[in-house]
Amino acid sequence: MERLRLAELCASTSLFTDLGTGQPAEHGLRTCLVAMRLAEALSLGEEAGRETFYVSLLRFLGCTADAHLVAEQAGGDETRFFAGMATVAMGSPREELARLIRLVAQGEPLPRRLLTFARMVADADGEERLLEAHCEVAARLASELGLPAGVVEALSVAYARWDGRGVPRDVAGDQIPISVRVAIVARDIELWERETSVEATAQMLTRRRGRAYDPAIVDAALAIGTETLRRCDDDMWDVVLDLEPTPAVEIAGPAVRPALQAMGDFADLKNPMLTGHSRRVTGLASAAGQVAGLERDEAEILARAALLHDLGMVAVPASFLGATDTTADWERFRLHPLWTQRILTRCAGLEPVGLAAGRHHELLDGSGYPSGVRGGEDEVAGLLACAEFYEEGIAAGRGRPSQDPSMVVEEMVDLAARGAFRSDHVKAVLAAAQAPVPVMEIERPAGLTEREIDVLALLAKGKSNREIAARLKISPKTVGTHVEHVYAKAAVNSRAAATLFAVDNGLVR
């Protein structure tokens, strides 16, 4: 499998933290751009510059750690709450309080809003506890991603303030790593200028100079001009990756799986009901891949896709329960595989992983989501979809209790019978889960068997008998016998006619 560039992995992760904090796409990338321009103006050394690059991208890596608590305390969608509080987070207590009044339990009846606000204000240490958890988780995940020790240490104090009124409370002034001091100013420049104006941003920087912000960094920003710091006329992704200090860091071999596992854990922290979900799906899917006889490269893609499949869930409010939510909430939920796919496929080396991960809720008969595609399910995506279905079925989640495994097995058999799952994928997952594998008497077109359908699907793709034999791990002679049976049952005499039969009956995978 290919090597992964650490900068690309972190840039991808920043796009997910944008979703988790309610910010527009590439907010983290633009923050990094501003931070690196400030680092150059401040003549930071090589090591500090490298730390600034990663810290500015990943300062909100712990945003899922407290998402469910924020949703509960704020009385609603925590991504909207995070976004609403962003511009005042480093402001005065008066600014924060005024914004809280506007955001708490937004859209709810006045009595509930007042009660929710009273509870938040009464918990004097609540914000500090949440931010401490945020920092602790960010540092831990950064370590697992393989980032330098300096970055890990910096993220552990990501909410410190120059005047000592941040989190942690005992860190102030020059005690705060320069990478954090730069990233804080850079992020607020990006926020304020996008949401207000150049003039308002300059006023904000002057007001917070010597309070939340290091005066030297504010002076550098004002000297350059915030509009100049934010300007980017080219593709933001490419521009930011070009800013990575040399030499570029790559991860490969044994280091890849822990890094991707950290990203999966980041997603699962979003909701306690999902704790360990990505790891469990990975274990089940990988075991099913062994049962199915996947080649080594396909098995690795399957494991990576399983670890990362739910990253798009960071865009879904932690309060989402399913049965009691609106149609709009459901649509937001159903888009999470698309977010996973679109972001992961931007990272070189993860393109096939992103494509498979983005299909983990798709079904062969077109009844899945987000795209509702029909047919075309490949081996990796099909096994992942079955593994996800089984694991999700037996685990409690989104407001419903766990199901008896036998009921989940029955559902999967029914889905295979109607052509939504491949029966061999269902069998592989159930065997991997050590669940009873029932005899599946599934009606197929022209009375074809499962193996004959496998052969026909590959035949329709233009594969030779020898290639089909290698893929299915049977002899070419056996393939020839299956082809004869297919032709006889489908009442065709040529490969082209057999291909049309396969297409007409939705058998091309």
Side-chain angles (χ1 to χ4, degrees), residues 1-2 285-305 351-353 355-356 359 362-365 373-387 412-413 415-417 419-432 437-509:
M1 294 297 293
E2 299 176 53
S286 295
Q290 289 184 325
V291 173
L294 289 187
E295 300 288 344
R296 181 178 177 181
D297 282 356
E298 285 186 318
E300 184 60 27
I301 291 172
L302 176 58
R304 293 182 180 188
E351 296 94 334
V353 173
L355 290 172
R359 296 175 64 88
E362 297 288 4
L363 299 174
L364 286 171
D365 63 355
V373 294
R374 184 182 182 87
E377 194 76 84
D378 64 23
E379 199 80 15
V380 170
L383 287 167
L384 176 57
C386 283
M412 294 179 74
V413 171
L415 286 167
F421 282 145
R422 279 176 49 176
S423 60
D424 57 331
H425 291 165
V426 171
K427 290 175 182 177
V429 168
L430 295 181
V437 182
V439 176
M440 298 186 195
E441 297 182 0
I442 300 171
E443 185 177 344
R444 294 303 191 198
L448 294 174
T449 66
E450 280 297 308
R451 179 55 83 190
E452 288 166 353
I453 288 175
D454 290 338
V455 170
L456 175 56
L458 293 170
L459 192 75
K461 292 279 191 177
K463 302 297 183 184
S464 67
N465 284 15
R466 188 171 296 279
E467 289 171 326
I468 295 171
R471 177 64 181 267
L472 299 180
K473 296 180 172 56
I474 55 180
S475 71
K477 183 178 179 180
T478 301
V479 172
T481 300
H482 285 312
V483 171
E484 288 178 10
H485 291 166
V486 168
Y487 280 21
K489 291 179 180 180
V492 299
N493 296 306
S494 67
R495 177 191 290 263
T499 298
L500 289 175
F501 175 87
V503 172
D504 287 341
N505 289 279
L507 302 178
V508 180
R509 297 161 177 167

For Asp378 against His425, the heavy-atom pair lying closest together: O-CE1, 4.0 Å
Taking every non-hydrogen atom, the tightest pair across Ala356 and Leu384: O-CD2, 3.7 Å
Electrostatic pair Arg471:Asp454 at N-O distance under 4.0 angstrom: no
Basic-acidic side-chain contact under 4.0 Å: Lys427, Asp424: no
Side-chain (Lys489) to main-chain (Gly447) donor-acceptor, under 3.5 angstrom: yes
Approximate separation, where rounding is to 0.5 Å, of Ile474 CD1 and Ile468 CD1: 8.0 Å
Sequence-distant partners of Ala288, side chain to side chain contact (heavy atoms under 4.5 Å, CB included), two or more places apart: Leu383, Ala428, Val429, Ala432
Interatomic spacing from SG in Cys386 to CG in Leu363 - rounded to 0.5 Å: 8.5 Å
Minimum-distance pair of heavy atoms, taken over all atoms of Ala416 and Val426: CB-CG2, 4.1 Å
Shortest non-hydrogen contact between Ala460 and Thr499, atoms and distance: CA-OG1, 3.6 Å
Arg304 bridged to Glu300 by N-O distance under 4.0 Å: yes
For Arg359 against Ala385, the heavy-atom pair lying closest together: O-CB, 4.3 Å
Can you give me every donor-acceptor pair (side chain of residues 477-487, partner residue at least two apart or in another chain, under 3.5 Å) with its distance?
residue: Thr478; atom: OG1; partner: Ser475; partner atom: OG; Å: 2.8
residue: Thr481; atom: OG1; partner: Lys477; partner atom: O; Å: 3.3
residue: Tyr487; atom: OH; partner: Arg495; partner atom: N; Å: 3.0

Test item: Glu467 and Leu458 side chains (from C-beta on) under 4.5 Å apart, heavy atoms: no
Closest non-hydrogen atom pair, Gly289 against Leu302: CA-CD2, 4.1 Å
Arg466: partners by salt bridge (charged side-chain N to carboxylate O under 4.0 Å, His left out), with sequence neighbours left out: none
